[in-house]
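We're numbering straight along the sequence, starting at 1. What you see is a predicted model; the values in this text were computed from it and never measured.
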Amino acid sequence: MSCHHLSPLAKEQVAEIYSYTHSIWGRAQADRYYSQIFDCFDAVAARRVVWRRIGAEFGADGYLCRCEHHFLYWRVTSDDQLRIVAILHERMHLLEHLRAVWEP
């Protein structure tokens with residue numbers, strides 16, 4: 001996988017994560033966490049992280065990995081690009097949430 005693209009939902013989720021972190025812990029922490037998330041995207045694209053496959057039987061044929069307090073969900077496109085589909089907080093890591101946000 002050579003690079004990553006974020007779905008519209010993933011872009012929205014990154015913005016929400018930044019906003020929430022900023023409101024609770026301030027700008028410096030929000031900036032750090034934002035950078036960590038994008039570093040994780042890059043690490044996934046470079047295959048430097050451990051990930052698990054999500055089986056189609058769960059309604060989401062793709063992959064996931066942990067990034068700090070969030071789970072990243074993605075698929076690989078036909079041209080071998082990484083498409084980040086969703087970013088869910090560890091407390092939301094339930095199949096129902098994944099099914100609700102997974103793009104066909």
In terms of relative ring orientation, are Phe38 and Phe41 parallel, tilted or perpendicular, with 30° and 60° separating the classes? perpendicular
How long is the gap from [atom1] on [X] to [atom2] on [Y], to the nearest 0.5 Å?
X: Phe71; Y: Ile54; atom1: CZ; atom2: CD1; result: 10.5 Å
X: Trp74; Y: Leu82; atom1: CH2; atom2: CG; result: 7.0 Å
X: His70; Y: Gln36; atom1: NE2; atom2: CD; result: 11.5 Å

With a cut-off of 6.0 Å (strictly less than), are more than 12 heavy atoms of other residues, nucleotides or ligands near OH of Tyr18?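 More than 12 within 6.0 Å, yes.
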Any [X] side-chain heavy atom under 4.5 Å of [Y] side chain:
X: His5; Y: Gln81; answer: yes
X: Arg52; Y: Tyr63; answer: no
X: Cys65; Y: Val44; answer: yes
X: Tyr34; Y: Ile17; answer: no
X: Leu6; Y: Val14; answer: yes
X: Tyr20; Y: Trp25; answer: yes

Test of understanding: with salt bridge (charged side-chain N to carboxylate O under 4.0 Å, His left out), list the residues that count as partners of [X], not counting sequence neighbours.
X: Arg32; answer: none
X: Arg48; answer: none
X: Asp31; answer: Arg27

Keeping [X] on the side-chain end and [Y] on the backbone end, is there a donor-acceptor pair under 3.5 Å?
X: Arg66; Y: Glu68; result: yes
X: Gln13; Y: Ile87; result: yes
X: Ser7; Y: Val85; result: yes

Taking only residues two or more places apart in sequence, or in another chain, which ones meet Ser19 in a side-chain contact (heavy atoms from CB on, under 4.5 Å)?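 Ser19: no side-chain contact (heavy atoms from CB on, under 4.5 Å) contacts found.
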Quick one: side-chain contact (heavy atoms from CB on, under 4.5 Å) partners of Ala15, sequence neighbours excluded? none
Going by atom types only, do Tyr33 and His22 share a side-chain donor-acceptor pair under 3.5 Å? no
With side chain to side chain contact (heavy atoms under 4.5 Å, CB included) as the criterion, how do His69 and His89 come out once you've worked through the C-alpha distance, each side chain's angles and the decisive distance to 0.1 Å? CA-CA 6 Å; His69 296 288; His89 191 272; 3.9 Å; yes
Non-hydrogen atoms of Cys67 and Ile37 that approach each other most closely: SG-CA, 3.9 Å
Going by salt bridge (charged side-chain N to carboxylate O under 4.0 Å, His left out), name the pairs with one or both residues in residues 36-46, residues two or more places apart or in two chains.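 Of all non-adjacent pairs touching residues 36-46, none passes salt bridge (charged side-chain N to carboxylate O under 4.0 Å, His left out).
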